[in-house]
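The basis for the numbers below is simple: all heavy atoms, side chains too, and nothing from hydrogens, waters or symmetry mates. Letters go in sequence order (proteins before strands), and every chain restarts at 1.
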2 protein chains.
Amino acid sequence: MEIWKRYSEKEVSHSMAHYLQTVAQLKAEKGHARVGDIAEYLGVSKSGVTSMLRSLEKRGLVRHERYGCVELTDEGSGFASRTESSRRVLSMFLTEILGVAEDVATEDACMIEHLVSPEVSIELLRLTTFIRSKHPAAALFRDAYRTSPRSCKEHEPGACDLCGATCLRESLITPIGRAPVRI
Amino acid sequence: MEIWKRYSEKEVSHSMAHYLQTVAQLKAEKGHARVGDIAEYLGVSKSGVTSMLRSLEKRGLVRHERYGCVELTDEGSGFASRTESSRRVLSMFLTEILGVAEDVATEDACMIEHLVSPEVSIELLRLTTFIRSKHPAAALFRDAYRTSPRSCKEHEPGACDLCGATCLRESLITPIGRAPVRI
DNA sequence: CTCATATGTTAAGCTACCTCAACAGTCTTG
DNA sequence: CAAGACTGTTGAGGTAGCTTAACATATGAG
């Protein structure tokens, strides 16, 4: 199977991940999660919630009886907390290490939280923790990195072997539909 | 609008991004992209390609006449190269900095390439380039990082402020549906 | 030039996830 | 304990992306 097709075969979809997180959140906040709460929290219609709950129940991720409260199964709660942790790690990395603006970081983390492998999240946590640590090499690194070059032109010769023929950075900052911006 | 809902409002979907990249790839490889080539490359049916091309044409990303070859518009080609660059940056970061296995890195990069903001890709490129550079602080960092703790238990006290009440790492490695593994 | 083969399109149908409108069950309150 | 107000479900309908099967166009070999 082509890799890109596995997208639709992920254990949980983007929507599902957010439903599960919402149930966990509501449960923690108010002790129970009801259809109306979920609908309001996510900004979808109650009927949308009802039908999503049917899918989640079929997959064994929640329990839900007609007109009753929603409960996460162990598996559902595992997904919820894994995605939640993944989001927190991503957010932290994006804002504190990469220095990306908070709103961008929040949005990106929300988009990809359910797609990154546990291995990647774990290593990202390790990297983030280490860079922020009091280890002398980390402190030195933070100082040096703060002033490291932002454009390819400033790279030391050879550093840009990442880029190959065309500068990656240029193609990344190219506004869609226009010629690459020279920097 | 709730952030999570912007998922379906991304300029290009996962599928679209891959169609655009495929057209660019085929064009570069054999000089032209035809429906059959695209179908074979992506492992989908030709009718699927025809209908996706209709969507892409409606969005102004490709040009396609009945029974003819497919061409990218400037906008389409911008998306193709931006996603491609994003993927390369992600792959590099995941394998060379995080040290994640190649197949995991490839799959993850493929899943999220179209979802990460340009800002994030650019900063990720900068970080990757710097860590790999000959800068003394980078060399020192690489050495120190190689032996940095892999589990929360080994963190220096206070380093785990990332985690809050529960260790993020533990919830990330928890096999779905079971109790957290103690490490 | 014609016909078989290769290539491409159409049509109908499926799943996922959403909407709105109508209906049904539950709860509160007089 | 019944009326009305909430809350939840059903049903029909929409978009995106796929599938298969049937049909249409194009091409090149004799």
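With B:Val120 as the fixed residue, the side chain to side chain contact (heavy atoms under 4.5 Å, CB included) test singles out one of A:Leu90, A:Leu98, A:Ile112: A:Leu98.
The pair A:Glu123-A:Arg126 meets the salt-bridge criterion, with a side-chain N (NZ, NE, NH1 or NH2) lying under 4.0 Å from an Asp/Glu carboxylate O. At a threshold of 4.0 Å, the pair A:Arg87-A:Glu84 counts as salt-bridged, since one of the basic side-chain nitrogens sits closer than that to a carboxylate oxygen. Between A:Arg6 and A:Glu9, no side-chain nitrogen of the basic residue sits less than 4.0 Å from a carboxylate oxygen of the acidic one, so the salt-bridge criterion is not met.
For the 3.5 Å distance criterion, the side chains of B:Ser45 and B:Ser47 qualify, holding a donor opposite an acceptor.
At least one side-chain nitrogen or oxygen of B:Arg54 sits closer than 4.0 Å to the OP1 or OP2 atom of C:dT10. Look at B:His18 and you won't find any side-chain N or O under 4.0 angstrom from OP1 or OP2 of D:dG17. When the side-chain nitrogen and oxygen atoms of B:Arg66 are compared with OP1 and OP2 of C:dT10, one or more of them lie within a distance under 4.0 Å.
The closest donor-acceptor contact from the side chain of B:His64 to the backbone of B:Arg54 lies at 3.5 Å or more, if one exists at all. Checked by atom type and distance alone, the side chain of B:Ser13 never pairs as donor or acceptor with a backbone atom of B:Lys10 at under 3.5 Å.
Ring geometry for B:Phe130 versus A:Phe141: interplanar angle of 30 to 60°, hence tilted.
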Practice problem: Could you walk me through whether B:Leu61 and B:Val12 pass side chain to side chain contact (heavy atoms under 4.5 Å, CB included), step by step? | Solution: CA-CA 10 Å; B:Leu61 300 173; B:Val12 294; 3.9 Å; yes
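For the contact set between residues 26-40 of chain A and DNA chain C, defined by any heavy atom under 4.0 Å, there are no members.
Across its full length, the helix from C:dC1-D:dG30 to C:dG30-D:dC1 shows an angle of 10° between the axes of its 5 terminal pairs at either end, rounded to 10 degrees.
For B:Leu53 and D:dG17, the CG to P distance is 12 Å, given to the nearest whole Å. Here D:dC18 presents its C1' atom at 12 Å from CG of B:Leu42, a figure rounded to the nearest Å. What separates NE2 of B:His114 from P of D:dA16 is a distance of 15 Å, to the nearest Å.
Put simply, CD on B:Glu71 and NZ on B:Lys27 are 3.5 Å apart, with the number rounded to the nearest 0.5 Å.
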Practice problem: Summarise how protein sits on nucleotides 16-22 of chain C as a single string, 5' to 3': B when a protein heavy atom is under 4.0 Å from the base, S for sugar-phosphate-only contact, - for no contact. | Solution: -SSBB--
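Smallest separation of non-hydrogen atoms from A:Val89 and A:Ser121: CG1-O, 3.7 Å.
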